[in-house]
Student: 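Questions regarding the structure given below will be posed in turn.
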Amino acid sequence: MLEVKNITVKYKDKIAAKNIDFNVNDGEIVGLIGADGAGKSSTLHAIAGVKGFEGEIVYNGYKYCSLKEAEKIKSHIGLMPQGLGLVLYDLLSVKEHFDFFRSIRGVKKDEKYEKRLLEMAGLYEFQDRLAGNLSGGMRQKLSLILTLLHRPNLLILDEPTTGVDPISRRELWEIVDNERRQNGIIALISTAYMQEAALMDKLLLFDEGEIIAKGTNEELIESIKDYTYKGEIECDECMSFSNVTYSLKEINLPKTTPTLEGLFFVNALKKNKKMPKIKLQKKQTNTPEIVVKAVNLTKKFGNFIADDNVSLELKKGEILGLLGANGAGKTTFMKMLLGLYPIDGGELYLLGKKIKSYKDRIVLKSKIGYVSQKFALYDDLTIKENIVYFGKMHGLSNGEIDKKMKFFAELLDFKDYLDEFPKDVPLGINQRFSVATVLLHEPVVLFLDEPTSGADTIARASFWKFLKELKKWQISILITTHYMSEAEYCDRVVVLKRGKKVLDAALEDIHRKYPNKPFEDVFINIVKGE
């Protein structure tokens, strides 16, 4: 049993987690959910004995109040920190990782147990592959089974599925659930995916460093049913997104069954928080009806074909979701469109012009905006300085930069953060101002590579409302995401599987073919070929 008794975690004078108190029984999986910076990671690190804290923690009768006291139970703890393959070494193979982690943990080789771990993770056939050549999902599964190598009884996983596709997420869950059932381990897991959180035995909702709600998925959903309405309206005391409105006061809409994501909206309303109201005026452009046309694009890395004769069209003012499992070829395809990778086969047309050389791309560069997975911001420049830098890079005058900075800071509600550094602000703020920087030069097409990965529910909702508004400017958007619920906000989706296109359809056509089915289930059926 684990007992966390009134612990507080500080970083210098800043309180990251305050008065955290909960119990976990053997064999239970507990989920930690909450916005960015809510205190989840700080709490997990304190329990793991890698971050100092005030208060006390009791694990199986042993009490520890300091890092030194925690050392005695480290052999019982398995910690997987946040970050895609953060504990891996790109130049070591899967097998070499096992050898290395076995040596630093001081455990003897158990071929039967290690084979079971590798088979659970689907990595048994890939033991000679370098970690640097594994997909994101494979890297996370390898990280997880390495964390299980010394047979911990207390498993602590900090957002293990962020940036991982739905199939790999389910496989990771099955590994943890299997360990819980077979060995009675305790698992503490923080997650940004509410479909995943719903599977856990108990949930702890964090906000501003405190636990503000705890219970089962059903209990937490029940607690917000009186505040959840079907349909969308505009009002000062409510929040609307994805055809659902949340309001603490009675409104003239029918009630609907809430989901776990509704917790975030209701909690924000209780704290008098508001989503930024993003409204743009319509603009007309001379953009051709087909903005991007890829014909049988192919990309090879040695004998490996990353993208195999993929064709795609992106229309004016369209939001197109590019989906697929980790390693399906999404980012590679996007980098071919951007000219970051040379094309090994096929033809590419941008804004009606056939791309034959680098010079062709230079002419069109001012029409394109790109937000990479890591946002490509400069951490040692403030948000304001980043915007000035990118504006200057695109040849804008000081007056133009200042005017646009004020416009976007007001529109996207980051004006209070202009003098902050990117690393010191919530991920949702970085999202919005990253897109603002690529809109400074007024592009007509945006390429967004997993821009919402790891962001909390309200930050993602605000971001998608902004993307929808950009349609008024007739901006075309190609976006990749692992949040399958976000596919619902696209006009059309393309799904890649092992470098080949397996679906290209409008959302209404998909819903007709798969009625009353969540898109995540549809995606898994398509990718698995069911």
Side-chain angles (χ1 to χ4, degrees), residues 1-4 20-35 38-40 43-44 155-157 159-161 166 169-170 172-181 184-207 210-231 238-248 250-251 253-271 456-458 460-461 483-486 488 516-522 524:
M1 184 176 182
L2 175 70
E3 300 169 83
V4 178
I20 304 301
D21 196 278
F22 64 92
N23 297 334
V24 189
N25 296 317
D26 291 348
E28 281 189 329
I29 300 178
V30 174
L32 285 70
I33 59 176
K40 305 183 299 295
T43 299
L44 292 178
L155 187 62
I156 300 173
L157 310 178
E159 296 205 7
T161 54
R169 288 205 299 270
R170 291 194 180 186
L172 279 160
W173 167 260
E174 286 168 4
I175 292 172
V176 176
D177 193 40
N178 184 66
E179 283 300 300
R180 175 262 291 271
R181 293 179 188 280
I185 67 167
I186 289 173
L188 304 178
I189 308 174
S190 64
T191 181
Y193 297 95
M194 292 305 101
Q195 297 95 330
E196 188 174 88
L199 299 172
M200 301 185 194
D201 300 315
K202 288 191 297 193
L203 294 169
L204 308 174
L205 175 60
F206 282 70
D207 187 58
E210 298 181 278
I211 296 176
I212 61 168
K214 58 178 75 171
T216 64
N217 173 56
E218 292 75 18
E219 288 168 345
L220 292 178
I221 285 176
E222 179 72 15
S223 71
I224 61 168
K225 69 176 186 178
D226 292 335
Y227 313 126
T228 311
Y229 299 84
K230 186 175 184 179
C238 63
M239 290 186 180
S240 296
F241 186 64
S242 192
N243 202 36
V244 178
T245 294
Y246 304 93
S247 175
L248 301 182
E250 198 77 27
I251 57 175
L253 285 175
K255 294 278 178 62
T256 189
T257 304
T259 64
L260 206 49
E261 290 190 331
L263 269 178
F264 294 87
F265 293 98
V266 172
N267 178 55
L269 289 170
K270 287 180 177 178
K271 296 205 168 188
D456 64 77
T457 299
I458 293 180
R460 290 192 293 112
Y483 291 93
M484 291 300 103
S485 59
E486 293 183 353
E488 302 284 354
N516 303 317
K517 203 166 190 178
F519 191 83
E520 183 162 312
D521 293 339
V522 174
I524 289 171

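Numbers here simply count residues along the sequence, with the first being 1. Because the structure is a prediction, the values reported are computed rather than measured.
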Student: Leu2 vs Leu188, test: side-chain contact (heavy atoms from CB on, under 4.5 Å). Steps then yes/no.
Tutor: CA-CA 10 Å; Leu2 175 70; Leu188 304 178; 3.8 Å; yes
Student: Looking at residues at least two apart in the chain, or sitting in another chain, which of them share a side chain to side chain donor-acceptor pair (under 3.5 Å) with Asp521?
Tutor: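 Partners of Asp521 by the side chain to side chain donor-acceptor pair (under 3.5 Å) criterion, ordered by chain and then number, come out as Arg170.
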Student: Could you tell me if the side chain of Asp207 sits less than 4.5 Å from the side chain of Lys271, heavy atoms only?
Tutor: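 A side-chain contact exists here, since the closest heavy-atom pair is under 4.5 Å.
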Student: Please list, chain by chain and in numerical order, all residues satisfying ring-ring contact (aromatic ring centres under 6.0 Å, His included) with Phe264, sequence neighbours excluded.
Tutor: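 Partners of Phe264 under the ring-ring contact (aromatic ring centres under 6.0 Å, His included) test: none.
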Student: Side chain of Ser190, backbone of Leu32: donor and acceptor closer than 3.5 Å?
Tutor: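 Between the backbone of Leu32 and the side chain of Ser190 there is no qualifying donor-acceptor contact (under 3.5 Å).
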Student: Checking Glu219 now: which residues fulfil side-chain contact (heavy atoms from CB on, under 4.5 Å) with it, not counting sequence neighbours?
Tutor: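 Partners of Glu219 by the side-chain contact (heavy atoms from CB on, under 4.5 Å) criterion, ordered by chain and then number, come out as Thr216.
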Student: For Ser247, check side-chain contact (heavy atoms from CB on, under 4.5 Å) against everything at least two apart and list the hits.
Tutor: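 Expected list: Tyr229, Cys238, Lys249, Ile251.
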Student: Quick one: list whatever passes side chain to side chain donor-acceptor pair (under 3.5 Å) with Glu159, sequence neighbours left out.
Tutor: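 Checked Glu159 against side chain to side chain donor-acceptor pair (under 3.5 Å); matches are Thr162.
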Student: State which residues pass salt bridge (Lys or Arg N to Asp or Glu O under 4.0 Å) with Lys214; sequence neighbours excluded, sorted by chain then number.
Tutor: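 Lys214: no salt bridge (Lys or Arg N to Asp or Glu O under 4.0 Å) contacts found.
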Student: Going by the rule ring-ring contact (aromatic ring centres under 6.0 Å, His included), which residues pair with Tyr483 if we only count those two or more places apart in sequence or in a different chain?
Tutor: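 Per chain and number, Tyr483 pairs via ring-ring contact (aromatic ring centres under 6.0 Å, His included) with Tyr193.
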Student: Holding to side-chain contact (heavy atoms from CB on, under 4.5 Å), I want the full list of residues that pass it with Glu488, two or more places apart in sequence or in another chain.
Tutor: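 Glu488: side-chain contact (heavy atoms from CB on, under 4.5 Å) contacts with Leu507, His511, Phe519.
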Student: Using the salt bridge (charged side-chain N to carboxylate O under 4.0 Å, His left out) rule, collect all pairs that involve residues 20-31, keeping only residues at least two apart or in two chains.
Tutor: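 Qualifying pairs, neighbours excluded: Glu28-Lys202.
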Student: Excluding sequence neighbours, so at least two apart, what forms side-chain contact (heavy atoms from CB on, under 4.5 Å) with Ile185?
Tutor: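 Scan of Ile185 (side-chain contact (heavy atoms from CB on, under 4.5 Å), adjacent residues dropped) gives Leu155, Glu179, Arg180, Asn183.
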Student: Which heavy atom in Gly34 sits nearest to a heavy atom in Leu205, and how many Å separate them?
Tutor: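 Looks like CA-CD1, 4.2 Å.
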Student: Applying side chain to side chain donor-acceptor pair (under 3.5 Å), can you list everything that pairs with Lys225, at least two apart in sequence or on another chain?
Tutor: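 Lys225: side chain to side chain donor-acceptor pair (under 3.5 Å) contacts with Glu222.
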Student: Is the backbone N or O of Glu3 less than 3.5 Å from a side-chain atom of Asn23, with the two atoms forming a donor-acceptor pair by type?
Tutor: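 No, because the side chain of Asn23 does not come within donor-acceptor range (under 3.5 Å) of the backbone of Glu3.
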Student: Are Thr259 and Met194 close enough that some pair of their side-chain heavy atoms sits under 4.5 Å apart?
Tutor: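 Side chain of Thr259 against side chain of Met194, heavy atoms only: no contact under 4.5 Å found.
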Student: Applying side chain to side chain donor-acceptor pair (under 3.5 Å), name anything that partners Ser485, two or more places apart in sequence or on another chain.
Tutor: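 Ser485: no side chain to side chain donor-acceptor pair (under 3.5 Å) contacts found.
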